[in-house]
Amino acid sequence: MDSSVPERRLAALVSDWYAEHARELPWRAPGVSAWAVLVSEIMLQQTPVHRVLPVWREWLARWPTPQDLAVEPAAEVIRAWGRLGYPRRALRLHECAKALVDRHAGEVPREVDALLALPGIGSYTARAVAVFAYGDRHPVVDTNVRRFVARAVTALGDAGPPRTVADLAAVEELLPADAADAARASIAFMELGALICTARAPRCADCPVYAECGWQRAGRPAATGPARKVQKFAGTDRQVRGLLMAVLREATAPVPRAALDAVWQDGTQRDRALAGLLDDGLVHRLAGDRYALPT
DNA sequence: TATCCGTGGTA
DNA sequence: TTACCAAGGAT
């Protein structure tokens, strides 16, 4: 790999580190299908690796192709999602499988624009699939990469708010010219952000970029911008939605309204949460004021 | 652009 | 214990 350009030296250093220290994750194994990679990327959106692992294995064993998932009732998909969180992702992934069958002959496309047009796939996931499943050359920018670039290159303590276009351009500057090298660099940046250049207590002593890190050279300045707002969970509609979904996931038959009313005291908030779930298509209302996961 | 959307591990 | 935060996307 050509590491004569200073910015590209970061890619070389981190890629070498990756070769020694990467976790062995099943969706990185040789020969894994693009579908399997896509499923992993959706599950990993805002959900840690160790929680995704068992569910991903179960899903790929049960639904090894998009067609297999597409023909399944939504209720089964939502149940199999279990407690990964954000069950709308499960619904989107189900819709995505159906779109793959309808529009792409059951195959996962490799073009970023085609991937972006699929339900539940945004800027990060589209490029992650194109790069990690197909080996094409694109910048892949997730929260780990943004944090790494903010520190090593921009010399800031933390990344500011996402700026998709600018973020893509900044990472593009770091990528080697060769597609395979660029793909390796992207997964390596993400892994470094996950294991070393972490949000709270970065392990700089173990970092392969220590000597080149702008943040180190600047004396590790504290984050300046407004601290990212951490969303509350306890007491919010999201908690109520989670409680309602848990009841419906575990039910083997449509449940009466009373069973849902039991999960939360505040009727106004409970009604709002249920209305939201109905609107999202995660819950269906049946005759007799009974409720169930969507068929 | 800011907010909403689950769940659980960690310090 | 509380607060942070984890491979984002949709609106």
Side-chain angles (χ1 to χ4, degrees), chain A residues 18 22-23 25-28 36-56 78 81-93 95-96 115-133 139-148 158-168 171 183 186-195 197-203 223 226-249 263 269 272-273 275-277 279-283:
Chain A
Y18 180 84
R23 294 167 290 181
L25 300 175
W27 44 83
R28 293 176 180 167
V37 171
L38 191 161
V39 171
S40 79
E41 294 298 344
I42 300 290
M43 289 182 171
L44 287 164
Q45 292 170 1
Q46 300 289 285
T47 303
V49 165
H50 76 274
R51 291 177 55 205
V52 166
L53 277 169
V55 184
W56 181 87
I78 293 168
W81 193 257
R83 304 188 66 81
L84 283 184
Y86 294 144
R88 294 195 293 197
R89 289 184 294 165
L91 213 50
R92 259 75 180 256
L93 184 48
E95 292 163 4
C96 179
L115 288 160
L116 281 171
L118 294 166
I121 296 190
S123 176
Y124 162 76
T125 305
R127 291 173 177 81
V129 170
V131 171
F132 302 143
V140 180
V141 183
D142 74 334
T143 187
N144 290 304
V145 175
R146 292 196 330 106
R147 186 173 56 246
F148 168 72
D158 279 298
R163 281 284 171 276
T164 303
V165 174
D167 292 341
L168 288 171
V171 172
S186 286
I187 193 65
F189 288 150
M190 289 174 59
E191 191 77 341
L192 190 76
L195 299 183
C197 196
T198 55
R200 262 187 285 193
R203 303 147 99 146
R228 224 182 63 145
K229 240 181 270 185
V230 176
Q231 296 179 341
K232 298 290 184 199
F233 176 69
T236 66
D237 289 2
R238 290 157 69 209
Q239 181 180 18
V240 183
R241 285 168 59 107
L243 293 169
L244 293 171
M245 287 300 294
V247 170
L248 294 168
R249 275 198 310 268
V263 306
Q269 187 175 25
R272 188 171 62 234
L277 291 171
D279 192 54
D280 286 345
L282 283 165
V283 177

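In what follows, chains carry the letters A, B, and so on, assigned in the order in which the sequence lines appear, proteins first and then strands, with residues in each chain numbered from 1. Heavy atoms only: backbone and side chains are in, while hydrogens, waters and symmetry mates are out.
You'll find the side chain of Trp81(A) reaches within 4.5 Å of the side chain of Met43(A), heavy atoms only. Within the 4.5 Å cutoff, side-chain heavy atoms of Ser123(A) are placed close to those of Leu168(A). Put simply, the side chain of Thr236(A) does not reach to within 4.5 Å of the side chain of Gln231(A), judged on heavy atoms.
Rounded to a whole Å, the CG atom of Leu282(A) is 12 Å from the P atom of dC5(B). We find that CZ of Arg272(A) is positioned 16 Å from P of dT3(B), with the value rounded to whole Å. Here dG6(B) presents its P atom at 16 Å from CE of Met43(A), a figure rounded to the nearest Å. Here dA7(C) presents its C1' atom at 10 Å from CZ of Arg89(A), a figure rounded to the nearest Å. For the pair Glu191(A) CD and dA6(C) P, the computed distance is 14 Å after rounding to whole Å. When the C1' atom of dC5(B) is taken as reference, atom CD1 of Ile42(A) falls 15 Å away, rounded to whole Å. If you measure from atom CG of Leu243(A) to atom P of dC5(B), you get 13 Å, rounded to the nearest angstrom. Atom P of nucleotide dG8(C) and atom CZ of Phe132(A) are separated by 12 Å, given to the nearest angstrom.
Look at Arg23(A) and you won't find any side-chain N or O under 4.0 angstrom from OP1 or OP2 of dA7(C). Contact annotation: Arg241(A) side-chain N/O to dT7(B) OP1/OP2 distance is not under 4.0 Å. Between dA7(C) and Ser40(A), no contact under 4.0 Å exists linking OP1 or OP2 to a side-chain N or O. Regarding contacts with the backbone of dA6(C), every side-chain N or O of Gln46(A) stays at 4.0 angstrom or more from both OP1 and OP2. The side chain of Arg83(A) contributes no N or O atom lying less than 4.0 Å from OP1 or OP2 of dG6(B).
Residue contacts shown for Thr236(A) are absent, as no nucleic acid heavy atom lies under 4.0 Å away. Within 4.0 Å (heavy atoms only), Ile121(A) reaches sugar-phosphate atoms of the nucleic acid but no base atom. Using a 4.0 Å heavy-atom criterion, one finds that Arg127(A) contacts no nucleic acid atom at all. At the heavy-atom level, Trp81(A) lies nowhere under 4.0 Å from the strands shown. Within the 4.0 angstrom heavy-atom criterion, no nucleotide atom of any strand lies near Gln239(A). Nucleic acid contact for Arg147(A): sugar-phosphate only, since backbone atoms but no base atoms lie under 4.0 Å from a heavy atom of the residue. Heavy atoms of Pro162(A) sit nowhere under 4.0 angstrom from any nucleic acid atom. Residue Gly85(A) is in base contact, counting any heavy-atom pair closer than 4.0 Å across all strands shown. Ala199(A) comes within contact range of the sugar-phosphate backbone alone, with a heavy-atom separation under 4.0 Å but no base atom that close. Backbone-only engagement by Arg249(A) is indicated by non-hydrogen atom pairs under 4.0 Å involving sugar-phosphate atoms exclusively. Contacts of Leu25(A) with the nucleic acid, taken as non-hydrogen atoms under 4.0 Å apart, include base atoms.
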Take Arg127(A) and Ser186(A) through the test side-chain hydrogen bond (donor to acceptor under 3.5 Å, both in side chains) and record every step on the way to the result.
CA-CA 10 Å; Arg127(A) 291 173 177 81; Ser186(A) 286; over 6 Å; no

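Contact of Arg51(A) with dG8(B) (side chain to base): no donor-acceptor pair of N or O atoms is detected under 3.5 Å. With hydrogens and angles left out, the side chain of Thr143(A) and the base of dG8(C) share no donor-acceptor pair within 3.5 Å. A donor-acceptor contact under 3.5 Å links the side chain of Arg200(A) to the base of dC4(C).
Of all nucleotides listed (dA6(C), dG8(C), dC4(B)), dA6(C) comes nearest to the side chain of Pro48(A). Which of dT11(C), dG6(B), dA7(C) sits closest to the side chain of Arg28(A) comes down to dA7(C). Which of dC5(B), dA3(C), dG6(B) sits closest to the side chain of Lys232(A) comes down to dA3(C). The side chain of Tyr86(A) sits closest to dG6(B) out of dG6(B), dC4(C), dG9(C). Ranking dG6(B), dC4(C), dA7(C) by closeness to the Met190(A) side chain, first place goes to dA7(C).
Nearest-nucleotide mapping onto DNA chain C: of Thr125(A) and Thr47(A), the residue sitting toward the 5' end is Thr47(A). Positionally, the nearest nucleotide of DNA chain C for Trp27(A) lies more toward the 5' end than for the other of Leu116(A) and Trp27(A).
Comparing the P positions of dG8(B) and dG9(C) gives a spacing of 23 Å, expressed to the nearest Å. Comparing the same atom, P, in dT3(B) and in dA7(C) gives a spacing of 22 Å after rounding to whole Å.
Taking both residues in full, the closest heavy atoms of Gln45(A) and Gly120(A) are given as NE2-O, 3.5 Å, listed atom of the first, atom of the second, then distance. Here the closest heavy-atom approach between residue Trp56(A) and residue Pro26(A) is recorded as CZ3-CB, 3.4 Å.
Atom CD1 of Ile121(A) is separated from atom CG of Leu38(A) by 4.0 Å, given to the nearest 0.5 angstrom. Note that CZ of Arg83(A) is 5.5 Å distant from CZ of Arg249(A), once rounded to the nearest 0.5 Å.
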